[in-house]
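Have a look at the structure below, then the notes.
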Amino acid sequence: MGFGETKIRNYEERRDRAQVEDLERRCEVGPAERMFLFTDTMGDAICRIRNSPMYKMLVAEVDNQLVGVIQGSIKVVTVRKPPKDLAKVGYVLGLRVSRLYRRRGIGLKLVRRLEEWFVDNQVDYAYMATEKDNEASVKLFVDKLSYVKFRTPAILVNPVRRRVHLPSSIEILKLKVEEAEILYRKFMASTEFFSQDIDRILRNKLSLGTWVAYPRGEKWEAIGPEGLVENSNWAMLSVWNSGELFKLRLGKAPLSCLVYTKGSRVVDRLLPCIKVPTIPDFFRPFGFYFMYGVHREGEGEISGKMVRTLCNYVHNMGRKTKDCKVIVTEVGGCDTLKDDIPHWKLLSCPEDLWCIKGLKKEERNSVHELTITPPSRALFVDPREV
């Protein structure tokens with residue numbers, strides 16, 4: 001069967017929305033041999049990039065039929081790049097190609113055209129995220145497009161179930177947006193990929209708030225412009241309601257997951273006193289909360305306890321939101337925070353894969369240094385790019 005010439009152009013909402021939504025529903029996310037998800041953008045095809053400072057969507061057409069899409073966003077983040085340790089980065093996401101048209105170079109053309117847009121806007125680095133075992137994606141970006149494997153963060157997923165009891169020894173307080181911004185700029189500004197427009201993120205309607213936890217009995221003093229905190233032990237995080245943007249639906253799961261899901265529900269229904277942890281029904285569209293900017297100060301058991309208490313507080317929040325079935329966060333692969341964030345290994349991804357590429361001569365030369373430099377424990381994951 002022959003195909004016509006591939007045409008790459010800008011996304012036009014009135015013309016393309018229905019076809020893009022249909023393509024999203026038909027294209028799975030994740031390696032098929034393990035599990036994959038389908039995405040429902042709920043009528044807004046660019047929902048995953050709309051909240052970014054700069055964004056673009058491109059589509060691929062063959063014989064006047066839309067067969068591929070890609071999205072990209074641009075922002076300024078913290079990167080170990082002297083003298084300012086800041087860089088303009090372009091994020092590549094949402095690459096989809098209709099199954100019938102795969103292995104014909106359409107994905108390659110879409111990425112290259114998006115990179116041209118990055119270059120036109122003086123972007124230093126392009127980067128993308130994929131599953132570590134997604135061979136097709138790794139082959140395209142690493143082998144064909146010269147991206148370099150950069151970081152392997154952990155995606156932690158905790159299903160929303162029964163209400164979790166919170167310890168009485170920990171106090172939780174919601175911060176004002178201005179206070180949260182001051183703390184983030186003071187304590188996380190040097191974190192890899194920290195977004196310089198953190199104020200815009202915190203003020204977005206999808207950001208539900210920022211909370212701090214500290215030992216009960218201590219007083220949390222008002223935060224001044226210098227971000228001085230009298231408390232020696234405290235933790236903080238912010239919450240983004242991703243379920244307001246798009247819904248997910250499980251298309252396939254490991255047999256062990258299916259057996260446990262069905263079995264736990266039967267036991268829970270027949271013998272509720274046993275309180276067997278149940279997994280929500282992910283085969284129907286569901287939303288999720290994303291925890292970002294997770295940070296702690298202090299050491300010892302109390303430090304981990306405050307992080308766990310905050311995460312469980314968010315879990316209890318999720319129970320009150322319709323269709324919120326999981327709490328998700330992403331942390332650096334070397335970050336000890338992951339040991340204190342409640343999650344299920346069955347649902348989580350211990351090693352996601354970030355790849356990066358220098359788009360300017362100087363940045364191309366420095367990419368190798370970025371990849372061989374031992375990663376800092378902390379990594380800031382922008383909730384707008386989840």
Side-chain angles (χ1 to χ4, degrees), residues 8-30 32 35-61 65-75 90-102 106-107 110-111 113-114 117 128-131 134 137 155 157 200-201 204-208 239-252 280-290 292 318 321-328 330 352 381-386:
I8 309 296
R9 60 172 176 82
N10 290 332
Y11 167 76
E12 300 175 18
E13 185 171 6
R14 294 184 62 181
R15 175 182 176 183
D16 302 323
R17 187 179 68 180
Q19 291 187 75
V20 170
E21 288 179 346
D22 181 62
L23 184 61
E24 283 281 359
R25 283 191 289 266
R26 289 186 286 109
C27 287
E28 68 279 1
V29 180
M35 68 169 66
F36 58 76
L37 298 164
F38 292 104
T39 305
D40 180 1
T41 58
M42 301 189 295
D44 185 3
I46 60 172
C47 62
R48 292 184 64 196
I49 55 175
R50 186 181 292 281
N51 294 289
S52 297
M54 294 180 64
Y55 58 85
K56 179 180 281 289
M57 175 184 272
L58 300 171
V59 301
E61 282 185 331
Q65 180 180 353
L66 195 151
V67 300
V69 299
I70 195 171
Q71 301 177 48
S73 62
I74 297 175
K75 62 181 179 179
Y91 183 48
V92 182
L93 71 158
L95 177 59
R96 308 278 189 268
V97 177
S98 178
R99 186 176 295 275
L100 183 63
Y101 291 84
R102 294 175 185 173
I106 294 176
L110 282 167
V111 178
R113 182 65 65 85
L114 187 64
W117 177 66
M128 51 77 69
T130 188
E131 298 83 9
N134 189 331
S137 182
I155 301 175
V157 181
R200 290 187 57 177
I201 299 175
N204 192 290
K205 65 179 181 180
L206 297 173
S207 192
L208 302 182
V239 181
W240 184 272
N241 188 4
S242 298
E244 285 293 312
L245 285 178
F246 60 92
K247 295 289 191 291
L248 298 173
R249 175 176 62 83
L250 192 62
K252 178 182 178 181
D281 182 5
F282 294 132
F283 291 95
R284 296 180 182 180
F286 65 91
F288 63 96
Y289 281 174
F290 184 80
Y292 68 97
T321 301
K322 183 181 179 182
D323 295 331
C324 179
K325 294 185 179 179
V326 290
I327 309 298
V328 183
E330 189 167 6
D352 198 27
V381 179
D382 193 328
R384 299 171 298 190
E385 297 176 351
V386 174

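Position 1 is the first residue of the sequence; numbering continues from there.
In this structure Glu21 satisfies the side chain to side chain donor-acceptor pair (under 3.5 Å) test with no other residue, sequence neighbours excluded. Legend: residues meeting side chain to side chain donor-acceptor pair (under 3.5 Å) with Lys325, ordered by chain and number and at least two apart, are absent. Residues passing the side chain to side chain contact (heavy atoms under 4.5 Å, CB included) test with Arg48, sequence neighbours excluded: Gln71, Leu93, Arg96, Phe246. Here Tyr91 pairs with Tyr127 under the ring pair (Phe, Tyr, Trp, His ring centres under 6.0 Å) rule; sequence neighbours left out. Qualifying ring pair (Phe, Tyr, Trp, His ring centres under 6.0 Å) partners for Phe286, counting only residues two or more places apart in sequence or in other chains: Phe282. Among residues two or more places apart in sequence or in another chain, the side chain to side chain donor-acceptor pair (under 3.5 Å) test is passed with Ser98 by none. With sequence neighbours left out, the side chain to side chain contact (heavy atoms under 4.5 Å, CB included) criterion links Val386 to Phe288, Phe290. Under the rule for a salt bridge (Lys or Arg N to Asp or Glu O under 4.0 Å), the partners of Arg50 that lie at least two apart in sequence or sit in another chain are Asp44. Here Asp22 pairs with Arg26 under the salt bridge (Lys or Arg N to Asp or Glu O under 4.0 Å) rule; sequence neighbours left out. In terms of the side chain to side chain donor-acceptor pair (under 3.5 Å) criterion, residue partners of Arg9 (sequence neighbours excluded) are, by chain and number, Asp16, Glu61.
The nearest pair of heavy atoms linking Ser137 to Thr130 is OG-OG1, 3.2 Å. Of all non-hydrogen atoms in Ile106 and Ala60, the two that sit nearest each other are CG2-CB, 3.7 Å. Closest non-hydrogen pair, Val20 versus Ala45, comes out as CG1-CB, 3.8 Å. Closest approach of Asp352 to Ala129, counting heavy atoms only: OD2-CB, 4.1 Å. Across all non-hydrogen atoms, the minimal contact from Gly68 to Leu110 is C-CD1, 3.9 Å. Residue Arg200 comes nearest to Ser52 through the heavy atom pair NH2-O, 4.3 Å, listed as atom of the first residue, atom of the second, then distance.
Looking at heavy atoms from C-beta onward, Met42 lies out of side-chain contact with Pro285 at the 4.5 angstrom threshold. Considering only heavy atoms from C-beta on, Arg384 stays 4.5 Å or farther from Tyr292 through its side chain. A 4.5 Å side-chain heavy-atom check between Leu114 and Leu95 finds every atom pair outside the cut-off.
Here the side chain of Arg102 pairs a donor or acceptor atom with the backbone of Val97 at under 3.5 angstrom.
The list of side-chain hydrogen bond (donor to acceptor under 3.5 Å, both in side chains) pairs with a residue in residues 239-248, not counting sequence neighbours, is empty.
Note that the CZ atom of Arg25 and the CG atom of Asp40 stand 6.5 Å from one another [nearest 0.5 Å]. Rounding to the nearest 0.5 angstrom, the gap separating the CD1 atom in Ile70 from the CE atom in Met57 is 10.0 Å. Interatomic distance, CZ of Arg249 versus OG1 of Thr39, reported as 9.5 Å (0.5 Å rounding). How far OH of Tyr11 is from CD1 of Ile46: 6.5 Å, rounded to the nearest 0.5 Å.
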Determine, stepwise, if the pair Leu58 / Asn10 fulfils side-chain contact (heavy atoms from CB on, under 4.5 Å). CA-CA 5 Å; Leu58 300 171; Asn10 290 332; 3.3 Å; yes
